[in-house]
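The structure displayed is predicted, hence computed values, not measured ones. Numbering starts at 1 and runs along the sequence shown.
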Amino acid sequence: MRSADPTRAVDDVATMIDDVGSAVRVALRALVTHSVLGFAVWDTDLRCIWSNDALERYDGVARDQRLGRRPRASLTGDAVELEAVAQRVLDTGECVTGREYRVPAVPGRRRDGAFSASFVRLDDADGRPLGVCMVLVVVKDRRWAGDRLALVSEAGARIGTTLDVMRTAQELADFTVPLIADYVTVDLTEAVRLGEEPLDRLGLSQGRVPKFRRAGRASIRHGAPESLWARGEVVFVPETSPFTQVLSSGRPVLEPVLDVSHATWLDSDPARAAKIREFGMHSLLILPVHARGVLLGVAVFVRTENPTPFDESDQLLAEELVARAALSLDNARRYTSERKTVLALQRSLLPRRVDGGTAMEVAARYIPADAEDCVGGDWFDVIGLPGGRLALVVGDVVGHGINAAATMGRLRTAIRTLADLDLPPGDLLTRLDRTFIRLTEDEAAGRDVPSMGATCAYAVYDPATRKCTLALAGHPPPAVVRPDGDVSYPDLPHGPPLGLGMLPFQAAELDLPAGSLIALFSDGLVEDRRQDIDVGLERLARALAGSASSPEELCTAVIDTLPTTTPADDVTLLLARAL
């Protein structure tokens with residue numbers, strides 16, 4: 001109907017526009033709220049002010065956990081990089097579209113999610129920024145090149161985080177489920193697990209299948225019920241099977257459709273055949289795990305719930321990830337081998353037993369550092385001297401590895417040589433300091449090797465006078481336990497560490513009446529990265545004041561108080577009780 005009043009007509013049109021605008025706003029709100037697209041809006045401080053249900057389904061972050069937080073705290077996956085993108089869009093006003101974004105698997109979705117994220121700045125009518133909106137679109141084809149590069153990069157950060165072959169194998173299995181397969185196993189040769197030399201070449205060892213152990217397994221099902229063997233158990237490998245085919249040829253085996261019919265290799269492996277049928281394993285990919293030309297093991301990828309058969313694209317991605325893991329495994333194997341060598345060397349250099357004769361009752365303990373830091377250069381010794389006297393030694397070469405252990409052996413030999421000269425403790429350490437400087441100079445001659453330092457405590461006990469003369473070279477002072485059980489740390493001259501060539505070392509005398517006990521130890525016994533050294537000294541004092549009847553029992557009691565069974569540094573303890 002047309003109005004005769006022009007002013008009224010204008011008002012009618014304005015009202016109609018307002019009504020239409022309200023309807024559009026309601027429709028738009030419903031669209032973004034219930035859309036299959038994921039939406040989130042951040043304000044100019046990049047604090048989330050709104051998100052829809054679809055985004056929660058995609059990344060598993062509830063709305064109340066997202067609101068008020070920045071992208072790095074309200075998104076998953078590479079959230080830090082997404083925040084940088086959002087900040088750039090907010091600053092420049094330039095849209096970013098098609099940014100690849102991977103979201104880790106969430107409850108209700110076994111596989112990682114692949115999305116395309118777009119960012120646009122929201123401005124008011126005057127062009128002033130109000131915030132940033134992100135729109136997330138599910139990507140059906142997950143095999144884009146950029147995604148593959150991101151995956152391989154992520155694998156480098158998540159596989160091989162330690163120098164432990166078993167853990168590295170498990171990390172490979174965990175990373176590839178459900179990314180590539182529904183069920184993955186990683187079996188390593190026994191030689192790799194023990195840190196020994198693997199097979200000399202790809203292929204069977206003298207026509208026999210090498211012994212494999214299950215080092216890693218992962219499944220979309222809790223507890224990996226598909227696996228016939230637990231981690232660490234020996235795995236049966238049929239002589240005629242795709243597994244031996246991979247071992248002998250060094251090449252992958254891809255069976256897009258796994259043949260589970262009779263008259264196949266599965267006839268000789270009924271247990272595995274039963275698992276295949278029970279869980280509907282329909283596609284198989286077996287890859288050799290090899291690095292630097294030697295075989296380390298095999299990785300097996302299986303699909304059950306995922307109906308898509310493996311193809312060449314899956315194989316290429318799996319090969320890249322396994323190659324990354326193989327280098328980490330070989331590094332871990334080499335490390336394990338070196339650590340075993342160092343341990344053997346160090347233990348061969350330490351005394352097999354300590355004997356205090358008629359002067360003192362002695363006992364000692366040595367615990368190597370954990371696998372992260374390797375063994376170091378701690379040592380202890382008990383040396384008989386003329387007149388029934390006894391020399392007690394505890395030392396520590398700074399650093400870890402075979403060089404530290406070798407240097408320790410040289411220092412122990414040097415001390416025994418100097419002790420034969422019957423030098424006072426201060427003079428002995430002064431000469432040992434010069435000897436150590438010559439050793440390090442000879443070691444570094446013409447080579448770029450790090451300089452080493454060392455600490456040492458050298459004590460001489462005389463049963464005739466009940467006196468103990470002791471000198472320190474940068475080493476912790478001993479603890480002394482009186483016959484009444486009182487424990488103290490005597491205030492002694494604290495000389496510099498060996499290798500600095502500084503002032504002569506001073507010695508001090510302690511009274512050690514019969515029944516008294518002196519405890520020499522390395523700093524690994526009382527120092528901890530998470531605690532102050534005073535806490536460790538107090539812990540040691542309480543243990544020494546205990547009711548143990550002999551130095552052997554007391555050694556055990558002290559070691560039992562350590563905060564961890566795998567210390568970050570070598571632990572050495574030498575106890576001697578005056579008779």
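- At a threshold of 4.0 Å, the pair Arg365-Glu552 counts as salt-bridged, since one of the basic side-chain nitrogens sits closer than that to a carboxylate oxygen.
- His475 places none of its side-chain heavy atoms less than 4.5 Å from the side chain of Asp523.
- Closest non-hydrogen pair, Ala218 versus Gln170, comes out as CB-NE2, 4.4 Å.
- With no hydrogens or angles considered, no side-chain donor-acceptor pair links Ser241 and Arg272 at under 3.5 Å.
- No side-chain N or O of Ser116 forms a donor-acceptor pair with one of Arg99 less than 3.5 Å apart.
- If you check the side chains of Glu171 and Thr161, you find a donor sitting under 3.5 Å from an acceptor.
- Looking at every heavy atom in both residues, Ala224 comes nearest to Ser219 through CA-CB, 3.7 Å.
- We find that Asp174 and Arg158 are not joined by a salt bridge, their nearest charged nitrogen and carboxylate oxygen being 4.0 Å or further apart.
- No hydrogens or angles considered: nothing links the side chains of Glu83 and Gln87 as a donor-acceptor pair under 3.5 Å.
- By the 30° and 60° cut-offs, the orientation of the rings of Phe115 relative to Tyr101 is tilted.
- No salt bridge links Arg217 with Asp187; every basic N to acidic carboxylate O contact stays at or beyond 4.0 Å.
- Residue Ser522 is tested with Thr455, Asp570, Asp378 for a side-chain hydrogen bond (donor to acceptor under 3.5 Å, both in side chains); the sole match is Asp378.
- Salt bridge status for Asp269 with Lys275: absent, with no side-chain N to carboxylate O gap under 4.0 Å.
- A salt bridge links Glu305 to Arg221: at least one charged side-chain nitrogen sits closer than 4.0 Å to a carboxylate oxygen.
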